[in-house]
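Okay, structure first, notes after.
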Amino acid sequence: MFENLTEKFQGVVKALRGQGRISEGNIEGALREVRLALLEADVNYNVVKDVTAAIKEKALGAEVLASLSPDQHFIKIVHDEMTKMMGGEAQELDLARRPPVPIMLVGLQGSGKTTSCGKLALYLQKKKRSPFLVPADVYRPAAIEQLKVLGSQIGIPVFDSNPGADPVEICREAVRFADRNGYDTVLLDTAGRLHIDEKLMEELRRIKEAVDPSDILLVADAMTGQDAVNVAKAFHGKLSLSGIVLTKMDGDARGGAALSIRAVTGAPIKFVGVGEKLDALEPFYPDRMASRILGMGDILTLVEKAQETIDEKQARELERKLRKSQFTLEDFREQLLRVRKMGSMEELLGMIPGMGGKLKDLKGAAPDEAELKRTLAIIDSMTREERRNVKVLNGSRRKRIALGSGTTVQEVNRLLKNFQQAEAMIKRFSQAGGRKAGRNLPFFR
Amino acid sequence: MTDHSSDSFFSRLKAGLGKTRELLFMNVEAIARGIGPVDEKVLSDLEEALILADAGAGLAHEYAEQLRAKWRRGELPDVEALRAALRRMIAETLAPRMVPLAVAPPYPFVVLVVGVNGVGKTTTIGKMAHWLRGEGHPVLLAAADTFRAAAIEQLKVWADRAGAEFVRHQEGSDASAVAFDAVRAAAARGTHAVLIDTAGRLHTKAPLMEEMRKVVRIVGREIPGAPHEVLLVLDATNGRNAIAQAKTFREFTGVTGLALTKLDGTAKGGVVLSVTREIDAPIRFIGVGESVDDLRPFDAAAFAEALF
């Protein structure tokens with residue numbers, strides 16, 4: 001569905017191509033597609049109205065930059081406007097004041113507060129802070145226990161909250177305890193609650209009053225729908241949020257809630273949660289989020305991730321090979337090894353524009369660790385000639401390779417099929433990338 | 001689950017809706033008041049209300065077009081009639097999905113509960129256990145969420161509250177092994193229902209989804225026909241992503257029923273209109289709160305009423 005949307009979007013935008021400039025007459029169709037794309041990405045209806053109005057105003061009469069065609073220019077305006085609305089630079093926690101610095105995490109049930117607390121603690125520890133975890137959820141069964149377990153996993157102390165106590169008292173006492181024991185940052189994990197639960201919302205206000213936190217972070221699920229504005233407004237109205245943590249971003253939700261929440265609170269998104277492991281917390285980049293919401297793929301993140309692990313010269317060499325269709329199993333092997341260093345292949349593929357829905361076709365191309373090992377064994381059992389030209393691999397050679405690698409002929413066949421898929425995909429991708437965005441091969445840059 | 005449910009559930013939803021109106025900056029007063037003539041503005045407000053309920057722009061447009069046609073034929077004299085027509089359309093669409101979960105022999109009747117993180121699987125199981133115990137069924141809860149910290153302890157609390165038996169392994173152990181032990185124990189003890197709690201997992205994580213497939217296989221090998229129900233829990237707060245969740249969980253686990261949780265907030269859960277188009281499974285339960293009684297059978301008419 002997302003792919004269709006993106007393609008449709010690109011189709012309508014293409015209609016702008018060949019026009020000298022963007023005008024009232026030719027922009028309506030494109031704006032409509034933007035509107036639909038945003039709604040399908042769960043951006044709130046009223047926020048969509050504001051965004052499209054702003055885009056229209058910017059786009060109309062804007063001189064088309066010499067280097068861009070009108071359709072490219074339009075996409076740039078859309079992207080820029082959304083980026084701007086989600087806040088320019090990434091924002092940090094406010095840790096400047098005299099310790100202990102209390103930080104409150106609030107949100108609906110199941111948004112990921114406790115996990116985010118653990119992640120923030122680890123993040124702070126890496127920044128040479130001395131964090132202290134405080135479970136203040138006395139309602140959900142075993143919530144206190146959950147934070148204690150997380151704390152012990154990362155070696156960060158957890159306040160021994162009394163489940164029978166008032167959460168306000170727990171927080172007040174915990175901050176005092178932190179002060180006496182030299183912890184400089186106190187993470188208060190509050191219970192999940194509905195924003196219309198007046199009694200529990202009042203409890204949060206009292207906690208705020210009791211400990212005067214430097215940051216109050218709303219933890220929000222990236223999959224949240226239209227209701228995100230109601231939730232964010234209510235929490236912001238009661239507590240004046242200082243920031244947002246957007247969780248479950250490792251899924252395939254487009255995350256339009258990010259735009260909605262930012263629009264109604266004005267509070268910056270400070271972190272995003274990208275996995276269940278406790279180190280899966282990243283800073284928020286508005287420009288990438290804009291791409292994601294629009295379904296343009298997270299090209300920048302991809303490029304950056306790849307840059308960390310891929311040598312520029314090697315990348316250029318590979319790109320040259322690809323263009324000349326000389327992508328061999330040797331290159332494939334190298335890529336697999338790099339991919340392992342970069343993170344999961346699925347994650348990477350998901351970042352490529354238009355690749356989201358194709359993941360299923362590529363299931364075999366996204367190997368887990370054991371499969372990766374077998375794959376490498378198979379490739380290593382080939383002769384140099386075979387690796388460079390898979391066409392020579394007849395039945396008896398395949399049998400030999402299977403024997404040599406301790407696998408089966410079926411597995412060898414599967415690998416070859418995956419390789420051909422990868423080859424085809426990369427070729428297609430390199431052509432598309434080169435033409436459309438003027439960026440060739442972001443995957444391997 | 002008792003029969004007064006429809007009434008009190010409805011009043012709760014109404015109460016929630018009342019609060020929403022104060023919070024929302026949405027522009028549907030005319031519709032909410034239900035007075036005045038129908039015009040283009042009212043129709044577009046209605047479309048907007050459906051979008052705000054997470055029904056999706058496409059579906060909202062479809063409904064609005066159908067109503068527009070009725071209006072042009074003179075069938076909708078005022079806003080009240082318009083509202084009633086839309087409610088009827090939605091209620092009729094969802095009526096076939098009102099099939100309650102029937103726990104029946106041959107026992108043990110095995111229910112596997114699945115879903116993404118934080119939708120309320122464990123709480124839903126706790127409430128289900130309470131309901132089944134009230135119906136006189138011996139129940140066993142299986143703690144197959146061996147991943148999330150303290151998930152086992154959380155389920156244990158619910159088991160104790162409901163007076164259900166409990167099967168657990170160590171944290172980090174194999175979910176299939178827990179499920180296996182649980183159904184075996186239930187078969188040996190003559191327990192009627194086994195409710196298997198699983199770790200929340202994003203549907204995009206293939207290895208974790210494969211693990212679910214394995215649980216289904218193992219349970220089925222042990223008890224013919226099991227799991228008798230694969231219950232996918234969806235969070236009403238979620239937007240369009242619920243569709244992708246439903247499709248993928250169906251592919252891996254063969255979803256046979258849905259539970260829609262967190263309807264006691266201001267989210268309307270309109271995405272189930274799209275979900276039920278994509279997958280052919282009844283809505284077994286809705287969740288309207290955190291206490292043991294806050295699990296209700298799905299009522300299409302009440303749901304449609306609360307939607308806008």
Side-chain angles (χ1 to χ4, degrees), chain A residues 1-2 35-36 39-42 44-46 108-112 114-115 118 139-150 153 192 194-197 221-231 233-234 237 247-248 250-254 256-257 264 276 344 346 350 359-360 363 366 368, chain B residues 15-16 19-20 23-27 48 51-54 56-58 116-120 122-123 126 147-158 161 171 200-207 235-245 251 261-262 264-271 290:
Chain A
M1 175 178 44
F2 289 162
R35 180 176 165 272
L36 286 177
L39 286 175
E40 203 52 38
D42 291 322
N44 180 268
Y45 183 87
N46 295 292
L108 298 180
Q109 291 94 340
S111 56
T114 305
T115 305
Y139 310 101
R140 182 164 63 84
I144 293 177
E145 186 60 27
Q146 186 183 349
L147 194 62
K148 283 184 179 168
V149 173
L150 289 182
Q153 281 172 7
L194 281 175
H195 51 294
I196 51 171
D197 186 330
D221 184 333
M223 297 182 277
T224 312
Q226 296 288 320
D227 199 42
V229 294
N230 299 333
V231 175
K233 265 190 146 186
T247 60
K248 306 180 204 173
D250 46 333
D252 60 357
R254 298 279 279 277
V264 296
E276 299 199 49
S344 104
E346 277 165 85
L359 276 185
K360 274 196 202 95
K363 217 167 256 167
D368 61 31
Chain B
K19 285 171 193 149
T20 322
L23 287 165
L24 271 185
F25 46 86
M26 67 189 216
N27 184 24
E48 175 182 336
I51 292 173
L52 283 167
D54 288 314
V116 298
N117 315 64
V119 290
T122 308
T123 306
F147 179 79
R148 183 166 60 85
I152 299 171
E153 285 72 16
Q154 187 183 347
L155 191 69
K156 178 80 169 74
V157 173
W158 282 106
R161 278 184 195 168
E171 206 170 292
R201 64 201 69 221
L202 291 176
H203 53 287
T204 47
K205 312 230 153 148
D235 180 341
T237 323
N238 277 189
R240 309 304 292 160
N241 193 250
I243 303 165
Q245 293 168 27
E251 185 191 327
T261 61
K262 306 188 195 175
D264 48 332
T266 49
K268 303 299 196 312
V271 71
E290 287 185 314

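Below, each value reflects all heavy atoms present in this structure, side chains not excepted, and no hydrogens, waters or symmetry copies. Letters A, B, ... are given to chains in the order of the sequence lines, protein chains preceding strands, and every chain is numbered from 1.
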message = Please check this pair: side chain of A:N230 against backbone of B:T266, looking for a donor-acceptor N/O pair closer than 3.5 Å.
response = no
ask   = Which heavy atom of A:D42 sits nearest a heavy atom of B:R240, and at what distance?
value = OD1-N, 2.9 Å
ask   = Can you tell me how far the CD atom of A:E145 sits from the NZ atom of B:K156, to the nearest 0.5 Å?
value = 13.5 Å
query = Any side-chain heavy-atom pair from B:Q245 and A:M223 closer than 4.5 angstrom?
reply = yes
message = If the condition is side-chain contact (heavy atoms from CB on, under 4.5 Å), which residues does B:D235 pass it with, not counting sequence neighbours?
response = B:V119, B:T237, B:N238, B:T261, B:K262
key: Reported CD-to-CD1 distance for the pair A:E40 and B:I243, which is rounded to 0.5 angstrom   = 6.0 Å
query = Are any of the side-chain heavy atoms of B:N241 and A:R254 separated by less than 4.5 Å?
reply = no
query = Looking only at heavy atoms, which two atoms of B:A57 and A:L36 are closest? And how far apart?
reply = CB-CD2, 3.6 Å
ask   = Between A:V149, A:L194, A:L147, A:V231, which shows the greatest number of heavy-atom pairs under 4.5 Å with chain B?
value = A:L194
note = Sequence neighbours excluded, the answer for side-chain contact (heavy atoms from CB on, under 4.5 Å) partners of B:T122 is B:R148, B:Q154, B:L155, B:W158, B:D197
ask   = Looking at B:V116, B:N117, B:V157, which has the largest count of heavy-atom pairs under 4.5 Å with chain A?
value = B:N117
key: Side chains of A:P141 and B:R161 in contact at under 4.5 Å (non-hydrogen atoms)   = yes
ask   = With only heavy atoms counted, which part of A:L108 is less than 4.5 Å from chain B, the side chain, the backbone, both or neither?
value = side chain
remark   = Per-residue tally against chain A (heavy atom, under 4.5 Å) across B:A149, B:G58, B:A236, B:A151 peaks at B:A149
message = If we define contacts as heavy-atom pairs under 4.5 Å, which of A:L150, A:T224, A:T115, A:T247 has the most with chain B?
response = A:T224
Shortest non-hydrogen contact between B:A244 and A:D252, atoms and distance = CB-OD2, 3.9 Å
query = Can you find a heavy atom in the side chain of A:N46 that is under 4.5 Å from one in the side chain of B:L52?
reply = yes
ask   = With the threshold set at 4.0 Å, does a side-chain nitrogen-carboxylate oxygen contact exist between B:K205 and A:D250?
value = yes
request  = For each of A:Q153, A:E276, A:K148, tally heavy-atom pairs with chain B at distances under 4.5 Å, and name the one with the top tally.
outcome  = A:E276
